[in-house]
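Note sheet for the following structure.
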Amino acid sequence: MEAQEHKECYGTMFPDALHFHDNKPSKGKVFTFELDSTVGMGAVRTARKFSANIEEWDDCLKCPEFEHCYKLCMGKMALESVIVFE
């Protein structure tokens with residue numbers, strides 16, 4: 001079966017939840033999160049931030065690949081959440 005061509009942003013609405021750095025934004029095409037922690041011995045989570053870029057969301061909604069791209073993004077997020085909580 002021949003691979004289908006997709007836009008470069010395909011499957012990237014959400015940031016990678018497995019590979020992030022504390023105190024730095026982790027960005028996807030639409031959604032961004034940041035997990036802040038104190039530095040040093042016994043680091044403590046001090047803040048959790050989340051944002052959505054509405055202009056990018058609107059761009060995604062206009063895309064003919066939106067439905068299956070969104071399903072792929074949600075599948076990736078579900079699998080990442082299983083791995084994070086193991």
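These figures come from a predicted structure and were not determined experimentally.
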Show me the donor-acceptor pairs, under 3.5 Å and distance only, between side chains in residues 22-29 and residues at least two apart or in other chains.
from  : atom 1 : to    : atom 2 : distance (Å)
Asp22 : OD1    : Arg45 : NH1    : 3.0
Asp22 : OD2    : Ser37 : OG     : 3.3
Asn23 : OD1    : Ser37 : N      : 2.7
Asn23 : ND2    : Ser37 : O      : 3.2
Lys29 : NZ     : Glu56 : OE1    : 2.5
Lys29 : NZ     : Asp59 : OD2    : 2.9

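In this structure, Thr32 and Asn53 have side chains that are not in contact, with every pair of non-hydrogen atoms separated by 4.5 Å or more. A 4.5 Å side-chain heavy-atom check between Cys60 and Val30 finds at least one atom pair inside the cut-off.
Placement of Val84 and Met77 in two distinct hydrophobic clusters is found when ILVMFWY residues are connected by side-chain heavy-atom separations under 4.5 Å, directly or transitively. When hydrophobic clusters are built by joining Ile, Leu, Val, Met, Phe, Trp and Tyr residues whose side-chain heavy atoms come closer than 4.5 Å, directly or via intermediates, Met74 is not grouped with Ile83. Hydrophobic clustering (side-chain heavy atoms under 4.5 Å, transitive across Ile, Leu, Val, Met, Phe, Trp, Tyr) keeps Leu18 apart from Phe14. In the hydrophobic clustering of ILVMFWY residues, with side-chain heavy atoms under 4.5 Å counting as a link, Met13 and Phe50 come out together.
Phe66 is linked by a ring-ring contact (aromatic ring centres under 6.0 Å, His included) to Trp57, Tyr70, counting only residues two or more places apart in sequence or in another chain. Applying the ring-ring contact (aromatic ring centres under 6.0 Å, His included) rule to Phe33 yields the partners Phe20; only residues at least two apart in sequence or on another chain are considered. Applying the side-chain contact (heavy atoms from CB on, under 4.5 Å) criterion to His6, with sequence neighbours excluded, gives Gln4, Tyr10, Glu65, His68.
A salt bridge is defined here as a Lys NZ or Arg NE, NH1 or NH2 lying under 4.0 Å from an Asp or Glu carboxylate O, and Asp36 with Arg48 fails to meet this definition.
A donor-acceptor pair is defined here as one N or O able to donate and one able to accept, closer than 3.5 Å; such a pair exists between the side chain of Thr38 and the backbone of Val44.
For residues 71-82, there are no salt bridge (charged side-chain N to carboxylate O under 4.0 Å, His left out) pairs, not counting sequence neighbours. The salt bridge (charged side-chain N to carboxylate O under 4.0 Å, His left out) analysis of residues 4-15, with sequence neighbours excluded, yields no pairs.
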